[in-house]
Amino acid sequence: MYRRMVQIRHFEDHAAEAYAQAKVGGFLHLYIGEEAVAVGALAAAHPNDHVLGHYRDHGYALARGCDPKRCMAELFGRETGLCHGRGGSMHLAEASRNFWGGYAIVGSHIPIGAGMAYAMQYLQREQVVLDFFGDGATGNGIFHEGLNMAALWDLPVVFICENNLYGMGATLAEESPVKDMIIKAEGYTMPSLQCDGMDVLSVYEAVQKATEHCRSGKGPFFVEALTYRFRGHSMADPELYRDKEEVRRWRALDPIPRFGQFCVDRRICSEQELAQVAEDVEQEMLEAVRFAGSSPWPDPSTIDKWIYAKPIATDGDAVVEQPASAEVGAVHGAEAAR
Amino acid sequence: MTMAEVTYRDAVRSALREEMERNDRIILMGESITGYGGSYAVTKGLVDEFGPKRVMETPIAEAGIVGFAVGAAMGGLIPVAELMTVNFALLALDQIVNSAAKFHYMFGGQFSVPLVVRTVSGFGQLGPTHSQTFEGWFASVPGLKVVMPATPADAKGLLLASMRDPDPVIFIEHSLLYSTRGEVPEGPAASVEVPIGKARVAREGSDVTIIGYSRMLLQALHAAEVLDREDGISCEVIDLRTLRPLDYPTLVNSVRRTHRLVLCGEDWRTGGFGGSLLSELQDRCFDDLDAPIQRVAMRDVPLPYSRELERTLIPSSEHIVEAVRRLS
């Protein structure tokens, strides 16, 4: 778990650097500060449980074991990226690992996670869905529609709310009448736990309880992780809405040194070993940046590929009957990873 | 092949029932579709046959329904989500456009979203918020397939094809067609299925081409009768059947013979589907056309409740007759 958190931290630092050099375009939302949430949660889940995240999604991809090289290449918009440069930073996904992606319309993936959980229940599979979103998403109607249906049909989905106190630039007090998001789960009779999102073990424990609850057929569970992003909403954020003192206070709770210290105190590993992890990871990330930078751009002649699984002529000309592409055959629904 | 005369409503229901019997991954979901049978009674009785796990009564939550269906499709099911009317589909527009239509593309082809959204357009003193139709909006979105059947045979055949398609299909029925009757072939699905993306020449003619779909196909056929009888004008009537993908070859071939074209729809003139169809056909057929393309569409007015006001606005066979006469 320590290694994963360091991986995310270094990946994000390099992504920010690449963004400053205009190698990465569009929006870039960094997960720095929140690493313990994705890492703790995915360590507690089974490897074949389904994962859906939001636009700040690099952490889930790496915590699920996606190759940092292919993640970075996606940010660079290259053919070797996880989604062949079609999705970008906000839409990493690797369906063969049951990591279904980053979803960038806030809250939209909340009913999608519920629907996927319904498929698991219907097909009598043991898999649980982990559906991550932020405190800002709880203001959207779709959050309530998704929770309502999940509770109504006892679906095996863990809703994980990363409460980082801000919905972009809006403070929690400006966007929600309650400061504890678990209160919103109560209206749907959904059991919930609040955990320390700056402590990877606290998240691990909460999500372990939550997935056990879901797997035993008792319906959905709501986990609220209290966390903080150390950087702005995106790289474009001047952070005028929060004071430096608050940021400093939260930075003191940095989950990486905190867990590192825990491991050293318990003699699980030495400080040298932690330093070695950081060094190894740094090499790995330098390699990821090199890989991304030297990867080919997507071929413009493939621009129409994947609009449809069963293609139609996109120039509006004759309807061409083509066999479904091989990629579609490879992963239809959750088939491949079962 | 044996044929049976059935209503459009029964044709839709039998497509659902037959495909559900064949494939247990198909589930239906929607508002009041179980005990109530759906607001147009299309799903009546299906919950008794297939149970509540396959015919799901949902909360009134259109965005949630479609989002849920997208997730169920990603999880390996084939959901057919009913949205009571296309007016309510606006609440689900985000899930249709940003979720269903995008995932196959934006995740680089890793998975598809085999999903059918069944919904209904139509009018009949329902007032401004319940009398609209938005097929042009859906048809403008790459990643969606948009189907609007006019006949019972197409309602059944195209719905079967939609449920067998790996992509999200917006299947728009028409409330005023549910009780219309027509011949529907009986037999194995392969022989009943109507492929998505093929238009149909519903009536052959030589003087003018009239393109319609859904209810406007019936209006166009009626107009063709009148024009033949009263004016001696021979109209070729084409049923689009699917708006995306569009079967341009069938349309272009017809215009090359008739040199005159009338486009019919029930949506608003400004921004309506006929506008982009006109632009594309003008490009493809400019040298073949002897007169400007005519459009029959809804005036840019919210459809009022009052019967007399409504009657003056609804595009009908009379408007089509007038449009054809303008060309002659």
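In what follows, every heavy atom counts, from backbone to side chain, and hydrogens, waters and symmetry copies are set aside. Source: prediction; values computed, not measured. To find a chain, count down the sequence lines: A is the first, B the second, and so on, and within it residues start at 1.
- Contacts of B:T58 with chain A are made by both backbone and side-chain atoms, with heavy-atom separations under 4.5 Å.
- Listed options B:V113, B:L91, B:I27 were ranked by heavy-atom pairs under 4.5 angstrom with chain A; first place goes to B:I27.
- Residue A:E126 places its CD atom among 12 or fewer non-hydrogen atoms of other residues, nucleotides or ligands, all under 6.0 Å distant.
- In summary, the side chains of A:H58 and A:S89 do present a donor paired with an acceptor at a separation below 3.5 Å, with no hydrogens or angles considered.
- Heavy-atom distances place both the backbone and the side chain of B:A63 under 4.5 Å from chain A.
- Between B:F138 and B:F171, the ring center distance fails the sub-6.0 Å criterion.
- For the pair B:A92 and B:V66, the tightest heavy-atom approach, listed with the atom from each and the gap, is CB-CG2, 3.6 Å.
- In terms of heavy-atom pairs under 4.5 Å with chain B, the best-connected choice from A:I303, A:L92, A:N148, A:I110 is A:I303.
- Between A:A151 and A:M190, the shortest heavy-atom distance links the atoms CB-CE, 4.2 Å.
- Between B:K198 and B:D247 there is no salt bridge, since none of the side-chain N atoms of the basic residue sits less than 4.0 Å from a carboxylate O of the acidic one.
- Annotation: maximal heavy-atom pairing with chain B below 4.5 Å, among A:A93, A:G87, A:G81, occurs at A:A93.
- Residue contact with chain B, scored on non-hydrogen atoms closer than 4.5 Å, involves the side chain of A:Q121 exclusively.
- Using a 4.5 Å cut-off between heavy atoms, B:V141 touches chain A through its backbone atoms (N, CA, C, O) alone.
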